[in-house]
Q: 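Quick one: this structure, given as C-alpha cells, is what I'll be asking you about.
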Amino acid sequence: MSEPLAHVEAARDASGRVVLTVSGEIDTSNAAGLEARMADEAGAAAAGVVVDLGAVTYIDSQGLRLLVELSRRLSATGTAFTVVAPPGGFAAEVLEITSMGTLLHVVGELGGSGAPPAS
Amino acid sequence: MRRPLLLFIVVAAGYAAGSQLSFSWFGADGTSASFFPAAGVTLAALVLVERRLWPVVLGAAAATEVLLDLVHGIGLAPSLGYAVANTVQPLVGALLLTSVRPRVDLARTTDLVAFILCAVIAGPAVGAVAGASTNAWLDGGDGWARFAGEWWVGDGLGVLVIGALILSLRPGAQASVHARRLPEAIAIAAVAAVSTWALFWLDWLPLVFVPAALLLVCGFRLDTRAVAVTGTVVAFIAAQAASGDHAYWRDLEVSPQVGLLYLQLALGVLLIAALAIAAEVGERERTAVASATAARFMEIADAAPAMLWVTDAEDHCVFLSRGWREFTGQGASEGLGFAWTNAIHSDDREAAGHGFVAASAERRAFALDYRLRRADGAYRWVIDSGRPRLGPDGAFLGYVGSVIDAHERKQAEGALTESEARLRTIFSSIDEGYCLAEMIHDAAGRAIDYRFLETNAMFESMTGLGDAVGRTALEMIPDLEPYWIETYARVASGGEPHRFESGSEAMGRWFDVFATPVGLSGQRFALVFKDVTERRRADTALRESEIAERAARRRAELTARVLGEMEATGGVRARTGRLVSLLVPQVADVAVVEMAGEESHISVASGLLPSGDPLDEGVVDRLEIRSQMVVPLDLGAGVEATLLLGLVDPERPAYTPDDVAFVGDVAERVGLLLARARVQDEERQIGLRLQRALLPDDLEPHPGVSVAARYAPASDVLEVGGDWYDAFALPDGRIGLVVGDVVGHGIVAAADMGGLRVALAALAPHASGPAQLLTLVHDFARERDPNSFATVGYAVLDASTGALSYASAGHPPMLAVSPSGATRWLAQGRSAPLCNLDVGDRPEAATVLEPGSLLVAYSDGLVERRGEPLSAGLARLEAVVRERRDGTVDEICDAVMDVLTSESAPDDDTVVLCLRLAPVDAASLSRVFPARPEELRAMRAAVREWLDAREVPREESTGALLAVGEACANAVEHAYAGREPGTVVLEMADDDDGGITVRVRDFGAWRPPTTATSNGRGRGTEIMRAVTREFVRRGDEGGTTVTLGFAPSQRVPG
C-alpha cells in the first residue's frame, strides 16, 4: 500500500477550536477510518471543531456522510462545527452539488465566521 | 638281332678255319678223319653262349660244314650227314657238360674232369657214330669202325685242344695267372713249339720227350691256360707234320693211320695229364693260401678289439670274433649260423635282418644300425657294416664285416638325428606334404628361387610336382608367385617358423603351410603343408550362403519395416514418402516414386547432393547413377506409379537379378498398401468435403465482434470428421459460440456433427443459458442416437457489455486474453460430455470480457499430443495467443494452427475458433478492476486523466468524477456483498454530441436502488442524478449496469 489516501492534522486555533486539516481523497475505502480519527480529535474540544477540506481533492457521498455524522455528534454536545471549503475547491463543488450547505456550517476560509461561500 | 648274327659269323669263321686246316692237313677224301679243331670251336661256342643262342651256333657250324664239304667235292647227302654229325656231337657234349657244371672253370679239377668226360669223350663218341655212318652209307666209304675210331680220336683231340684253349682264355675265367709267370709261359710254349718241329723235321724221335716234359712242367708250374696254349701249339705243329712226309711212324713200324692215331692219342693223354696236374696243383695252392689267410684272419680278428664276422655264400655266419663274443656274452660258436641276430634288440631285429638279406641279394656292401645287447643286458647302438667276399674267380663267398659300438656317437648326435629320422619317417607317412628346400640367391644376394632337397609322397600328389628333388621351384612352376619365394626366404633367414594359408594361382590350389627354418645356414627351410583348396571352397560356399542368408534376413526385416511403417501412416502421399525414405540407403542411394498427377517422391542418400541442391525430379539426371531399376507400382483402379531405385556410391555392388526380384516383391506388396491408401484417401476426401460443407463458411454473428476459425483434418484418413465450430447471433443480440467434437470418425461422424451443429444452433434461442442449452442438446442427441458421444463448449457473449456466460460439456476450457496480455482459462461451468447417461443439472459460469479481449475456443486435437501432458499443449496455446494478441483473428488462428500443429501431424481433427470483442474506441476509457475499495483510487486517477485530456471544465469534471466514483463505489460496495469480489467494468466514451457516456458494470447480485439518504448511500444516487443528463441503472441476477450520461460542456474549452 502506497501513501495513505487521506491525511488528517489536528491543531487548535487562537480561539481554542480544534482545527482538523484533511488532505487527500475521501471515499468509501477510508471514510470509516477518517471518521473515527476525527471524532477522537474533536471529542476533547469544547470551543468548537473546524474541518478544513481545502486540501481535499476528492470527497464522495461517504465523505459527506462522515461530515454529517460528525456534525450530528457535535451538535448533540453543543460544540460548534465548521467546515472550511474554499470556493472552487473540490469539496466546495461537491457541497454545492449536494446542497450540503443547508445541513452544515460551511465557510470559504478558515478565518471566516459562518458566512457561507457565495454561489 | 645283331648279337646272333655276329655269333653266327664268328662261329662260322672259326669253324671254317678249323675245318679248312683239317682238310689241308689230311685231305677230304673221307678215308681219314683226324685232328679236327672245328669241333672245339663249336663246343666252346655252345658252352659260352646261352642255350637260346645254341641254334645259331649249331646252324653256323652245319652251314659251314655243308658248304665246305660241297666245295671239296663231297656229295650233298653225305655233306648233310656230316653236318648232322658235327652238330649232334657238340650239342651232346655241351648239354652234358653244362648240366653238370653250369659255369665251367677248367682250373677246378672237378670241372676239368667233367669237361673231358662230357665234351672230349662222350660228345665225339656220338659224333663218331654219326660221322662213320654217314661215311659208310652215304659217302661210299668202308671200314665203319676204323672211321669211327679215327673220328672219335680226331674230334676228341680237337675239342680238347681248341675247347680248352677257348674256355681257359675267356675273360674272367680262372683266378690267377701270376703276371710274373707270363714270360715263363711264353718261353715254355716257344721251346715246346721248336722241339716239336725238330722232332718231325729232324726225324729224331727222342725229342718227343721235350714237348711232353714241357707240358708237364706247364702243368706243375703254371696253370691250365698255359697248358692249353702250349698244347695247342704242339698239336697244330704235330698235325702239320703228320700230314707231310715226316714218317715218324716208320720207326714204330705201324701204318700211317695207326701212327697218326698213336700220335693223337699220346698227345691227348699228355694234354689231359698236364691239364689235370695244372688244375690239381693250382687248387692245392689256392686252398693252402686260403686256409693260411683264413687262419691268419681269424687270429688277427680275435686279437683285434673290434667285433668282426664272416658269413658264407648262404648268409650263414661262420665266424664271430672274440670282440663280438665278449661284447654279447655269446659262447664260442653260439652266434654262428643265424643265432647272432638273437643279440639284436627285438625292435631292430627285423629291420636289420631285412637290410642284410637285401644287401646280400645284390652282393653289395651295407651298413646297418641296430641296438645290440651287451653281456650285461644293456642295449647299445652299433653300426654293423659288411663287404662281400669274392673268390679269386670273382665268385661270391659271403660277407666279412665289423660291428662298431656307436652308442656314444649316436647319443651325441642326440635327439636331433633321432628326431630328424623320426620326422622324416613321419613326414614320409603323413597326409601332409613335406619338403626340405634351400634358397637360391642371385649375385646381389636376393632370394630368387629355391631348390627342393627332399620331398615326401604327399608332396607330389598335392602339388602335382613329380621328381622335384634337385630341381628348383621356378623350374617346376615357372610362374610361381614371388610372394612364396619372399616368404620362404624370410623364414629361412629369420629363423622363425611361420604358419600361413595362401593360394597359388600358378598351381590353382590353396595351402595351409607351416614353414620352419632348418639348420643355421639361413638357407634351408622345411615345409609341411596341407591342401586346403576343398576346405576353402567349402568355406567360401558356406560364407556365401551365410551372406545370402544375412541378406535375406535383412531384406525380410526391411520388407517388414517398410510395410509396417507404411501401414502405420495414412494416405498415399505419406505412405509413399515413408517408402522412399526407408529404401534409402538400405537398397538404394536414390529412390523416386513417380505417380500420374502427383508430385514425385524423392529420397537421396545424405551427402550425395550438394547442400541446397533442390530435391526435384532433375536429381536423377544430375546424379551419376551407376545401376538402377524401375519397378511398377500398381495402385489399382488403373492408377500406375513407378518406383525407380538407383545406386551412385561406387562402393556398392550393382543390382543383381536377385535384387530386382526382391524389390519387385516389395513393390507388389507396397502396391497393395498404396492401393488401400488410395481408397482411404478418396474416402477422406469425401469426409473432408462433407465436413467442410457442414461447417459454417462465414462467421459474422455481430458487428461488435470479429470471429475466425480453422479446421484441420487429422493426418490419418480414418480420423477425419466430427469437430465443429459455430458462431451465431441470438435473437436478443447476443452471440452464441460453439466448439464441439463428436467422437467417431469418417463420414458418419461428419454427419453426426452436422446434426448436432444444427440442433444446437436451433435450440440456442430457446435456452435460458448455456447450461440449459447443453441439457437440451444432450437430450436431443440421446434421442437421435443413443450411442453418440460428444463434447461441447458453449458460450453466450453480449458484445456490447463483454458479459460472457459459458458452460462446457466435457470440452476443454476456452481461453480469454485481455488486450494487455492477461490470460484466463474459463474453466468453470463444467459438466459431463453429451452421452447416453443422465447428467443432471449442468452448471454454467459467467465472466466479463474486457473490450478488445480475445476468446479462443478449440477442440482437443489442438492441444493433445502423444507423450506429453495436456498442460503443455495448453501452455503452448496460451503463449501463442498472448504473443499474437495484436493480430487479426485470422492471423491468430493461423498462428495457432501453425505453432500447435507444426511439430507433428495432428493425430486428430483440430478446430480453433478465435473471437475478438471489439475494443473500445481509442478515445474512450475502458477499465476493468476487481471490486475492491482500494481499487477506486486508481480508477479515479484514470478518470481524472481522461477528463483532463478532454479539457473538461473544472466544475463539470468534478461532477463527472464524482458520479463515476459513486457508481464504481456502489458496485464495489454492494455487487459482491458476501461473495468473492468480482470485477467492475468502467467505460467512458464521448458521445456524438460532445457529451460523455459512462458505463459501470458489475456482475454481482442485483440490489434495487435505495432512496434512503440517512446513511449517505442514497446521496450517491442523488449525486449521480444531479450531475448527469441521463442516469440509468439496470440490473438482473447477472449484475448491474449503471449508465451515466453527461451533457456537453457548457463552457468553451480553453
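Every chain is numbered from 1 and lettered A, B, ... according to where its sequence line falls, protein lines coming before strand lines. All figures in this text were calculated on a predicted structure; none of them were measured in a lab.
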Q: To the nearest 0.5 Å, how far apart are CD in A:E93 and CG in B:L961?
A: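 The CD atom of A:E93 sits 11.0 Å away from the CG atom of B:L961.
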
Q: Hey, what do you get for CG (B:L936) to CG (A:D60), rounding to the nearest 0.5 Å?
A: 8.5 Å

Q: Side chain, backbone, both or neither: which part of B:R944 has a heavy atom under 4.5 Å from chain A?
A: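 Contact with chain A: side chain only.
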
Q: CZ/B:R940 to OG1/A:T57 distance, rounded to the nearest 0.5 angstrom?
A: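 The OG1 atom of A:T57 is 8.0 Å from CZ of B:R940, to the nearest 0.5 Å.
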
Q: Would you find more than 12 non-hydrogen atoms of other residues, nucleotides or ligands less than 6.0 Å from B:R885 atom CZ?
A: yes

Q: For the CG atom of A:L5 and the CZ atom of B:R937, what is their distance to the nearest 0.5 Å?
A: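 That separation rounds to 5.0 Å.
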
Q: Can you tell me how far OG1 of A:T28 sits from CG of B:N970, rounded to the nearest 0.5 angstrom?
A: 9.0 Å

Q: Taking the side chain as everything from C-beta on, heavy atoms only, tell me whether A:Y58 gets closer than 4.5 Å to B:T958.
A: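 Contact flag for A:Y58/B:T958 side chains = no.
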
Q: Taking every heavy-atom pair that is under 4.5 Å apart, which of A:D27, A:I59, A:T98, A:I97 has the most such pairs with chain B?
A: A:D27

Q: At a heavy-atom separation under 4.5 Å, does A:L66 approach chain B through its side chain, its backbone, both, or neither?
A: neither

Q: Would you compute the distance between atom CD of B:E934 and atom OG of A:S29 and round it to the nearest 0.5 angstrom?
A: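 The OG atom of A:S29 is 7.5 Å from CD of B:E934, to the nearest 0.5 Å.
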
Q: More than 12 heavy atoms of other residues, nucleotides or ligands under 6.0 Å from CD of B:Q828: yes or no?
A: no

